[in-house]
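Worksheet: one structure, shown below.
Just so it is clear: chains get the letters A, B, ... in the order the sequence lines come, proteins before strands, and each one is counted from 1. Here the structure is a predicted model, which means the values were calculated and not measured.
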There are 2 protein chains.
Amino acid sequence: MQQLKRHGALSEVDETLLIELEHNSRRVTAGEILWQEGSDVELFCVLKAGWAYSFRYLDNGSMQILKVYLPGDIIGMRDFGFSKRLAGVAMINAGVICPFSPQHLCQLIRTSPTLAAGMVAIAVRQQAMLTERLVYIGRHTAQQRLGHFLYEIYLRLRRIGAVEEGRFQLPLSQEQLGDVLGLSAVHVSRTFSMLREEGLVLKERQEVFFPDPGALAKMVEFNTTYLDEALPPAFLSSD
Amino acid sequence: MQQLKRHGALSEVDETLLIELEHNSRRVTAGEILWQEGSDVELFCVLKAGWAYSFRYLDNGSMQILKVYLPGDIIGMRDFGFSKRLAGVAMINAGVICPFSPQHLCQLIRTSPTLAAGMVAIAVRQQAMLTERLVYIGRHTAQQRLGHFLYEIYLRLRRIGAVEEGRFQLPLSQEQLGDVLGLSAVHVSRTFSMLREEGLVLKERQEVFFPDPGALAKMVEFNTTYLDEALPPAFLSSD
DNA sequence: CGTAGGCTTGAGACCCCTCAAATACAGTGG
DNA sequence: CCACTGTATTTGAGGGGTCTCAAGCCTACG
């Protein structure tokens with residue numbers, strides 16, 4: 001949406017509607033579960049501060065983390081068009097959320113065609129991120145999977161100004177990283193060791209640093225298209 | 001969209017717009033590549049007949065198939081909001097497509113809020129399918145992956161009336177199945193053998209039959225929510 | 001200072017991969 | 001109708017990546 005704004009595609013009414021979305025806000029604690037899989041779809045959220053993730057429990061008791069949300073992301077759009085949640089959502093650390101109702105979102109789509117197109121674009125973009133994960137989980141080694149995930153987070157954080165001197169905070173435990181990447185926590189640890197020995201990723205506590213971001217991007221063959229691309233002109237013209 | 005229609009949510013104008021989408025049609029041959037990754041986004045398609053798939057080439061020369069399209073699906077929505085294709089699309093067998101332009105789609109969204117909401121819902125639904133694949137590729141055995149994929153295809157085909165007496169045609173080669181599931185073609189073959197020995201899947205040539213669909217669904221722990229769910233009432237009311 | 005949870009490291013096992021060869025099948029030309 | 005050829009599938013053997021189980025360490029926090 002900030003992309004749309006930058007392109008001057010938003011009317012004043014549009015902006016007012018967006019600001020209204022953030023009218024309410026609520027503090028949430030680390031580890032707090034916002035909702036569980038299967039519950040009714042009652043609200044969506046703008047994540048103002050903190051990290052969150054959506055997840056599914058598996059038969060064997062472990063979980064698969066589907067998506068990691070960073071500040072500025074919208075949580076719950078995944079469930080738009082469904083009556084029950086397809087996945088649970090929990091906070092990784094403490095933060096602030098701005099809940100809004102599905103009715104509110106529907107009204108917004110009805111009122112502003114531009115925002116409607118924007119919502120489609122957001123949904124498609126999230127699909128693009130999922131697609132990248134699918135490609136990387138399907139046929140790549142643990143090093144590439146972890147490296148790719150870290151690099152994606154790095155780019156997303158940089159876009160919101162959360163990378164300082166090439167360093168950023170990663171509040172996820174290795175267990176949680178394993179749940180993201182489909183790896184055991186044990187192997188995540190070994191993989192970090194390998195990436196360190198190769199001089200690609202240094203991690204101390206929750207702080208991550210890439211000595212050579214370019215080399216890492218090359219190793220994981222990162223395709224920036226799916227994250228960086230601007231909205232096409234078709235959005236902005238009315239014909 | 002047929003879901004929306006069934007709910008009587010489409011006005012006559014909406015229906016006219018949808019029918020216009022299928023104004024043009026073109027025959028396509030088996031194996032024909034509709035577009036390559038990285039090409040300009042010039043058109044989307046309704047797939048009227050035949051199967052197609054979207055794919056990405058990997059470094060090692062193999063490909064990852066991202067999605068399999070069946071008759072009635074819309075091809076290329078993945079790229080809506082991008083200027084370049086994120087993935088190539090190719091036909092599996094011969095068929096018919098109805099191309100339409102991004103401008104046409106944008107106009108449709110601007111004209112009909114109901115259809116706009118429907119497009120969001122479709123995008124989210126495709127995301128839900130990708131999510132299921134992610135869960136299954138991440139942490140499941142080859143048997144569960146293959147079984148889950150076959151069962152999903154089975155349900156999608158049944159919805160469009162392409163399952164007769166519990167049998168359906170599967171035009172994908174084992175190589176292609178491997179590219180969908182992140183497995184080698186060799187292991188796909190072994191996995192079919194295992195599923196046959198367990199009495200879950202019989203396959204002769206391109207014809208597939210489930211002796212006990214319920215047992216298969218249970219083995220792969222299939223969650224029908226993400227495919228079957230009807231659109232929520234919020235779409236249909238105007239408040 | 002003690003405890004709990006997260007991280008590291010080691011050993012053995014399993015799933016799936018690669019390479020290779022044999023078999024089945026489809027289309028082609030004789 | 002039959003040999004020929006290329007492609008798809010099956011089957012076998014060996015190897016590698018990741019898993020599980022288990023023990024030890026490190027850090028945070030009471």
**Report entry** Qualifying residues under salt bridge (Lys or Arg N to Asp or Glu O under 4.0 Å), relative to A:Arg85, sequence neighbours excluded
**Finding:** A:Asp79
Query raised in the report: Quick one: is B:Gln174 getting a side-chain N or O under 4.0 Å of the D:dT10 phosphate, OP1 or OP2?
Result: yes
Query raised in the report: Does B:Ser189 place a side-chain N or O at less than 4.0 Å from the phosphate oxygens OP1/OP2 of D:dT9?
Result: no
Query raised in the report: Between C:dC17 atom P and B:Leu58 atom CG, what is the distance in whole Å?
Result: 13 Å
**Report entry** Any B:Ser184 side-chain N or O less than 4.0 Å from OP1/OP2 of C:dC16
**Finding:** no
Query - All side-chain contact (heavy atoms from CB on, under 4.5 Å) counterparts of B:Val220, not counting sequence neighbours - result: B:His148, B:Leu216, B:Phe222
Query raised in the report: How many Å lie between CD on A:Glu197 and P on C:dT8, as a whole number?
Result: 12 Å
**Report entry** Interatomic distance, A:Leu195 CG vs C:dT8 C1' [rounded to whole Å]
**Finding:** 15 Å
Query raised in the report: How would you list, by chain and number, every residue that makes a side-chain contact (heavy atoms from CB on, under 4.5 Å) with B:Val28, sequence neighbours excluded?
Result: B:Arg26, B:Glu32, B:Leu34, B:Met91, B:Ile97
Query raised in the report: Is the side chain of A:Trp35 donor-acceptor paired with the backbone N or O of A:Ala90 at a distance under 3.5 Å, no angle test?
Result: no
Requested in this report: Figure out the CG/P separation between B:Leu170 and D:dA8, and round it to whole Å.
Outcome: 14 Å
Query - Integer-rounded Å distance: C:dA20 P and B:His187 NE2 - result: 20 Å
Query raised in the report: Excluding sequence neighbours, so at least two apart, what forms side-chain contact (heavy atoms from CB on, under 4.5 Å) with B:Asp40?
Result: B:Glu42, B:Lys84
Query raised in the report: In chain order, what residues pass the salt bridge (Lys or Arg N to Asp or Glu O under 4.0 Å) check against B:Lys48, with sequence neighbours excluded?
Result: B:Glu22
Query raised in the report: Sequence neighbours excluded, which residues qualify as side-chain contact (heavy atoms from CB on, under 4.5 Å) partners of B:Pro171?
Result: B:Trp51, B:Ile92, B:Asn93, B:Gln206
Query - Selection from D:dT9, C:dC25, D:dC19 that lies nearest to any side-chain heavy atom of B:Arg205 - result: C:dC25
Query raised in the report: Any idea which of D:dC19, C:dT8, D:dT9 is nearest the A:Leu183 side chain?
Result: D:dC19
Report summary line: Contacts satisfying salt bridge (charged side-chain N to carboxylate O under 4.0 Å, His left out) that involve residues 198-225 of chain B (not counting sequence neighbours) are B:Arg167-B:Glu207
Requested in this report: Quantify the bending of the helix from C:dC1-D:dG30 to C:dG30-D:dC1 as the angle between its end axes, each fitted on five pairs, to 10°.
Outcome: 40°
Query raised in the report: Rounded to the Å, how far apart are A:Glu175 CD and C:dT8 C1'?
Result: 14 Å
Which atom pairs, donor and acceptor, lie under 3.5 Å between side-chain atoms of residues 63-76 of chain B and protein residues at least two apart or in another chain?
unit_1: B:Gln64; atom_1: NE2; unit_2: B:Asp179; atom_2: O; d: 3.1
unit_1: B:Gln64; atom_1: NE2; unit_2: B:Val180; atom_2: O; d: 3.1
unit_1: B:Asp73; atom_1: OD2; unit_2: B:Leu70; atom_2: N; d: 2.8
unit_1: B:Asp73; atom_1: OD2; unit_2: B:Arg156; atom_2: NH2; d: 2.7

**Report entry** Touch class at under 4.0 angstrom, heavy-atom based, for B:Gly182 against every strand present
**Finding:** sugar-phosphate
Show me the side-chain donor-acceptor pairs of residues 184-196 of chain B shorter than 3.5 Å, one per line, residues at least two apart or across chains.
unit_1: B:Ser184; atom_1: OG; unit_2: B:His187; atom_2: N; d: 3.1
unit_1: B:Thr191; atom_1: OG1; unit_2: B:His187; atom_2: O; d: 2.6
unit_1: B:Ser193; atom_1: OG; unit_2: B:Ser189; atom_2: O; d: 3.2

Report summary line: Rounded to whole Å, CZ of A:Arg196 lies from P of C:dT9 at a distance of 7 Å
Requested in this report: Please state how far atom CG in B:Leu181 lies from atom C1' in C:dC17, giving the value in whole angstrom units.
Outcome: 15 Å
What are the atom names and distances for every N/O pair under 3.5 Å that joins the protein to nucleotides 10-14 of chain C?
unit_1: C:dG10; atom_1: N7; unit_2: A:Arg190; atom_2: NH1; d: 3.2
unit_1: C:dG10; atom_1: N7; unit_2: A:Arg190; atom_2: NH2; d: 3.4
unit_1: C:dG10; atom_1: O6; unit_2: A:Arg190; atom_2: NH2; d: 3.0
unit_1: C:dA11; atom_1: N6; unit_2: A:Arg190; atom_2: NH2; d: 3.2

Query raised in the report: Atom CG of B:Leu155 and atom CD of B:Glu152: how far apart are they, to the nearest 0.5 Å?
Result: 8.0 Å
Requested in this report: On the 0 to 90° scale, with breaks at 30° and 60°, tag the B:Tyr136-B:His140 ring pair as parallel, tilted or perpendicular.
Outcome: parallel
Query raised in the report: Which of residues 139-150 of chain A sit near DNA chain D, with a heavy atom under 4.0 Å from it?
Result: A:Thr141, A:Ala142
